[in-house]
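Heads up, the thing below is written out as C-alpha cells.
Worth knowing before you read on, the calculation uses all heavy atoms, side chains too, and leaves out hydrogens, waters and symmetry mates. Below, read A as the first sequence line, B as the second, and so on, with proteins coming before strands; counting in each chain starts at 1.
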Amino acid sequence: MDFATFLVQCLNAVQYGLLLFLVASGLTLIFGIMGVINLAHGSFYMLGAYLAFGLAPLFGQQFLTMLTVGVLLSALFGFVLEWAFFSYLYQREHLQQVLMTYALILVFEEARSLVVGNDVHGVQAPQWLAGSFALGGLMAYPWYRVFASVACLVVALALYWVVNRTRLGMMIRAGASNRDMVRGLGVDIRMLYRVVFAGGVALAALAGMIAAPLSSVYPGMGGSVLIICFVVVVIGGIGSISGALVASLLVGFVDTFGKVFFAELSGIGVYLLMAVILVWRPEGLMKRGY
Amino acid sequence: MLPVAAALALLALPAVLTPYGHDLVVRIAIYAIFALSLELLVGMTGLVSLGHAAFLGVGAYVPVLATGGGAAASLAWLLPAAVGAAAAYALFVGALSLRTKGVYFIMVTLAFAQMAYFVFHDTKLGGGSDGIFLYAKPVLAFGGSPWVDLDDKHHLYYAVVAALVFTYGLLALLARSRFGHALTGIRVNEQRMRAAGFATYGYKLAAFVIAGALAGLAGFLLAVKDGAVNPELLSWHESGAVLLMIILGGIGSLRGAVVGAIAFTLLKELYQSEALLGPLAGHWQLTLGFTIIAFVAWMPKGLTGLRWPGAGPGHG
C-alpha cells in the first residue's frame, strides 16, 4: 500500500467515524440522561436519508439550506415522538423498552414502505461539491467526502460547546449524573428530556442526510447503523460524549482498514475490537466523563 | 397437570392434522423450545439477552455444513455436534458479555449475535446471504435399519415433541434444583448472593451456556424441518421475536414461554394471511408493531398473567 492510498483510507476512516459519532452521540445522551435504551435510533438515521431524498429536488443547489430544513423537521419529529411515545417509557424496565422500541422499528419500516416504497434510491451531491482533487499523482479524493468530514466535525465541536459551555449543557450533564437531584432543584426535567431527545433525533437524521449522497438510500439502512452505534457506545462508555468520539474514530479505522486487508471478514473486525475492550475495560473507555 | 395433558394431546394430534396444520404445529413446538431456552436467561436469571438467535443459527448451520452435499449423517453425532457448537459459542459470548450488566449486556449480546450473522452472511462458508440446502436429513440407524428417519414427517413430528418435552422437563427440574434457586437469587439480588458466598459469575455463565445449547437444539430441528438455512436465522429480528414470545406469554413461568411461542406464531400467521385481512396482510409489520406496543403497554404480565375479574391473585 503506497502512501497516497494509505492517506485516502485514513480520510475515509475519519469520515466514517465522524458520521457514526453523530448517530452514537444522540444514542449515548438519550441513554445516559433518560435511561432509555432506544433500538429505534437507527430509524432516525434512515429518516434523515429519506428526508434528503425527498427534499433534494425541492432545494436544488441549496444543499446547506436543505440540511437546515431537514434538521429542523426531524427535531420537530423527535419532539413530538418524545411527547407521544417515549415519555411513557421512562418508568418501564429495560426489557419493556427493548420491546416497545423494537415494535417502533417495525412501524417505521412499514411506514417508510408505504410512503416511498421499497426501491433503492440515490441522492445527487450538489454541483458545487461535485468533483474531486488529486492526491499523490494517481489517486483522487471527492470533495463531497471532505465536506462530510468537515460538517460532522463542526457539529461535533458545536455539541461539545453546548454540553460544556452553556446552561442547557450544564443541566444535561447534571441530569446524566443525578436525575433526581436535578428534578429536586426545580429544573423542568420533562422539558429537558424532550429537548435532548429532539436533539438526538436531529443529530441522527443529519448524519443520514449527509450520508445519503455517499451511499444509496435503501430499506433497512437503519438497522446496521444502530448495531454499530451500540458497539461505539459500549466501547466509549454509556453517557460519555468524548468516549463516543474516541470510539467512533476507532471503529471507523478498524472497519475501513479491515475492508482493505481482510475483505471477506471485514464485518467481524469491529466486534472483535469490542470483545478486546470488554476484556480490558468492561465499562468502556470513558465511563461517564465529559 | 396441564403440561402433561398438553404433551399427551400433542402425541395424539397428527391423526387429525392437515399438512398445513402439521407444519404449523412442528414450527410452534420448535419455537417453544427456543423460547424456553431464553426463559432460562430472562425469566429465571434476569439476564435480558438480545442476541439469542445466534445460538439458534449456529445449531442450524452445523448439520447443514457437516452433511454437505453427502449422504444422510447419523443423528447420534450430528445432534451433539450442533448442540455442542451452540454451547461453545455461548461460552465465548457469555464469558465476555457477562462482564457487563443491564443495558450494556443487552447491547453486547446483540453485537456478538451480529458478529455471527456476518460470519455466515459475508463469507462463503455457509453459502453467503442465500443460505444453503440440507439435502440429506439425519437418520438414526441400528444394525442397518433406520430407527429414526427425520426425512419422514411423522418421525420429525415425534422427535420435535420429544425435544420439547425434554427441554420443558429439564428446565422444570433445573428450576427446582439448588442451581435454579441460586439463579433466582441472582435475579432478585446479585449483591446479596455474592455476599452469601456464591460465585455468581459462574452460575450466570452456566445458565448462559445451557440456554445457548437448548437454542442450538431448536436450531438443529428448524434446519431439519425446513431443509435449508440462511443467515436471517441469526438476525436480530429473530432475537427480538423470541424475546417478544416470552413476554407475550408472561415472564417467570415455563408455560408462559410455550404459550408465548404459540401466540406469537399464530399472530404472525394471522397478520400475514391475505384470506383474513386482505390488503393489510402485505403490511403485517405495521399491525404486528402496533400490537406489540399495545400489548407491552397494557398487559406487561403476559397472557398467563391474565386473571378472570374478581378471581383474586393467582398462583400460576
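For Val231(A), the part lying under 4.5 angstrom from a heavy atom of chain B is the side chain only. The contact between Val119(B) and chain A is made by backbone and side chain atoms together, counting heavy-atom distances below 4.5 Å. Heavy atoms closer than 4.5 Å to chain B are found in both the backbone and the side chain of Leu99(A). Tyr88(A) does not touch chain B: none of its heavy atoms, backbone or side chain, sits under 4.5 Å away. Heavy atoms of Ala116(B) lying under 4.5 Å from chain A are absent altogether. For Ile105(A), the part lying near chain B is the side chain, with the backbone staying farther off; criterion is any non-hydrogen pair under 4.5 Å. Of the atoms belonging to Val279(A), heavy atoms from both backbone and side chain fall under 4.5 Å from chain B. With a 4.5 Å cut-off on non-hydrogen atoms, Met274(A) touches chain B through its side chain but not through its backbone. Contacts of Leu114(A) with chain B are made by side-chain atoms alone, with heavy-atom separations under 4.5 Å and no backbone atom involved. Val42(B) touches chain A through its side chain: at least one heavy atom from C-beta onward sits under 4.5 Å away, while N, CA, C and O do not.
A donor-acceptor distance shorter than 3.5 angstrom exists from the side chain of Thr101(A) to the backbone of Gln97(A), with no hydrogens or angles considered. No side-chain donor-acceptor contact under 3.5 Å links Gln285(B) to the backbone of Val107(A). No side-chain donor-acceptor contact under 3.5 Å links Tyr193(A) to the backbone of Glu82(A). Between the side chain of His41(A) and the backbone N or O of Leu226(A) there is no donor-acceptor pair closer than 3.5 Å. Although no hydrogens or angles enter the test, the distance criterion places a donor-acceptor pair under 3.5 Å between the side chain of Ser248(A) and the main chain of Ala244(A). The main-chain N or O of Gly117(A) is found under 3.5 Å from a side-chain atom of Arg112(A) such that the two form a donor-acceptor pair.
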*Do Leu243(B) and Tyr102(A) pass the side chain to side chain contact (heavy atoms under 4.5 Å, CB included) test, and can you show the C-alpha distance, the side-chain angles, and the key distance before you say yes or no?*
CA-CA 10 Å; Leu243(B) 208 49; Tyr102(A) 172 79; over 6 Å; no
*Pair Glu190(B)-Lys101(B), side chain to side chain contact (heavy atoms under 4.5 Å, CB included): steps then yes or no*: CA-CA 11 Å; Glu190(B) 187 175 350; Lys101(B) 284 198 173 53; 3.8 Å; yes
*Would you check, one step at a time, whether the test side chain to side chain contact (heavy atoms under 4.5 Å, CB included) holds for Tyr90(A) with Val36(A)?*
CA-CA 6 Å; Tyr90(A) 301 143; Val36(A) 170; 3.2 Å; yes
*Step-by-step ring pair (Phe, Tyr, Trp, His ring centres under 6.0 Å) determination, Tyr31(B) to Phe264(B)*: CA-CA 10 Å; Tyr31(B) 275 109; Phe264(B) 182 82; 7.9 Å; no
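Under the 4.5 Å side-chain criterion, counting only non-hydrogen atoms from C-beta, Trp280(A) is in contact with Leu285(A). Side-chain contact between Leu65(B) and Val229(B): absent, with no pair of heavy atoms (C-beta onward) separated by less than 4.5 Å.
Counting heavy-atom pairs under 4.5 Å between each of Thr100(B), Thr291(B), Val48(B), Ile247(B) and chain A puts Ile247(B) at the top. Annotation: maximal heavy-atom pairing with chain A below 4.5 Å, among Tyr117(B), Phe118(B), Trp284(B), occurs at Phe118(B). In terms of heavy-atom pairs under 4.5 angstrom with chain A, the leader among Val93(B), Leu288(B), Ile106(B), Thr287(B) is Ile106(B).
Aromatic ring centres of Phe92(B) and Phe112(B): separated by under 6.0 Å.
Ring-plane geometry between Phe257(A) and Phe261(A) is classed as parallel, the angle between the planes falling under 30 degrees on a 0 to 90 degree scale with a further cut at 60.
Within residues 232-240 of chain B, the residues having any heavy atom under 4.5 Å from a heavy atom of chain A are, by residue number, Trp236(B), His237(B), Gly240(B). Proximity to chain A among residues 49-58 of chain B is limited to Leu50(B), judged by heavy-atom separations below 4.5 angstrom.
Residue Ser25(A) comes nearest to Leu203(A) through the heavy atom pair OG-CD1, 3.6 Å, listed as atom of the first residue, atom of the second, then distance.
With rounding to the nearest 0.5 Å, the separation of CZ in Phe253(A) from CG in Asn12(A) is 10.0 Å.
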